[in-house]
Amino acid sequence: MLVKFIRNALGLVIVIGDVLTRWSRVKRSPDAQEATDKACQSMALYHFFGCPFCVKVRRTIYKLNLPINKKSASEGSQYRHELIAGGGKVQVPCLRIQNPDGSEQWMYESKQINAYLRERFANYQ
Ligand SMILES: N[C@@H](CCC(=O)N[C@@H](CS)C(=O)NCC(=O)O)C(=O)O
């Protein structure tokens with residue numbers, strides 16, 4: 001109970017710190033942003049609100065100006081079941097990527113997700 005409270009309080013502090021230190025985000029031409037928006041429709045981020053690893057990925061998503069759908073995987077959420085069914089475990093952040101051939105990739109690890117997003121959207125300017 002106390003541990004949960006401390007964890008939630010710390011999470012809130014991290015989220016507030018994140019929001020207060022978000023500077024500029026990538027600006028694209030209307031055509032490039034449209035292509036970006038379309039590409040993002042094939043992705044979803046499973047996350048917890050106060051998880052520091054999720055904050056790290058959400059910051060990258062914000063900076064790269066990516067309208068990726070965010071799904072809370074907290075206890076009791078329907079998306080938690082989606083995450084387990086698709087990815088195989090409850091660990092966040094997890095990026096679901098739908099490939100053009102219909103197959104899905106469930107990418108865990110904040111470092112890998114950030115590297116993937118930076119590389120994939122580097123040329124969407
Ligand atoms: N190495 C992972 C760590 C991710 C991690 O530890 N996430 C925690 C939340 S902060 C988690 O999913 N825990 C499972 C749970 O709480 O059920 C990363 O960088 O993404």
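All ligand and atom numbering here is 1-based and tracks the order in the structure. Source: prediction; values computed, not measured.
For atom 9 (C) of ligand 1, the closest non-hydrogen atom of the protein is C51 SG, 3.7 Å. Ranking protein heavy atoms by distance to atom 6 (O) of ligand 1, first place goes to F53 CE1, 3.7 Å. For atom 14 (C) of ligand 1, the nearest protein heavy atom (residue, atom name, distance) is V90 O, 3.5 Å.
The only option from R58, K71, K70 that meets the side chain to side chain donor-acceptor pair (under 3.5 Å) definition with H47 turns out to be R58.
The residue from E109, M107, Q112 that puts a heavy atom closest to atom 2 (C) of ligand 1 is E109.
Transitive grouping of hydrophobic side chains (ILVMFWY, heavy atoms separated by less than 4.5 Å) brings V26 and I61 into a common cluster.
Under the 3.5 Å distance criterion, with hydrogens and angles disregarded, no donor-acceptor pair is assigned to the side chains of S29 and D31. In the model, D37 has a side-chain atom that pairs as donor or acceptor with a side-chain atom of Q33 under 3.5 Å. For Y46 and Q91, the side-chain atoms include no donor-acceptor pair closer than 3.5 Å. When only modelled atom types and interatomic distance are considered, S72 and R80 share no side-chain donor-acceptor pair under 3.5 Å.
Annotation for ligand 1: atoms under 4.0 Å from non-hydrogen atoms of S110 are 18 (C), 19 (O), 20 (O). Shown in contact with P93 at under 4.0 Å from a heavy atom are these atoms of ligand 1, numbered in order with element: 20 (O).
If you look at F48 next to ligand 1, the close heavy atoms, those under 4.0 Å, all belong to the side chain.
Between V92 and ligand 1, an N or O atom pair is found at a separation short of 3.5 Å. On a distance-only criterion, R80 and ligand 1 share no N/O pair closer than 3.5 Å.
When distances from atom 20 (O) of ligand 1 to the protein are checked, a heavy atom turns up under 4.0 Å.
A heavy-atom separation below 4.0 Å is not found between K111 and ligand 1.
Within the model, atoms CE of M107 and CE of M43 stand 9.5 Å from one another, a figure rounded to the nearest 0.5 Å. Rounding to the nearest 0.5 angstrom, the gap separating the CD1 atom in I113 from the CG atom in L45 is 6.0 Å.
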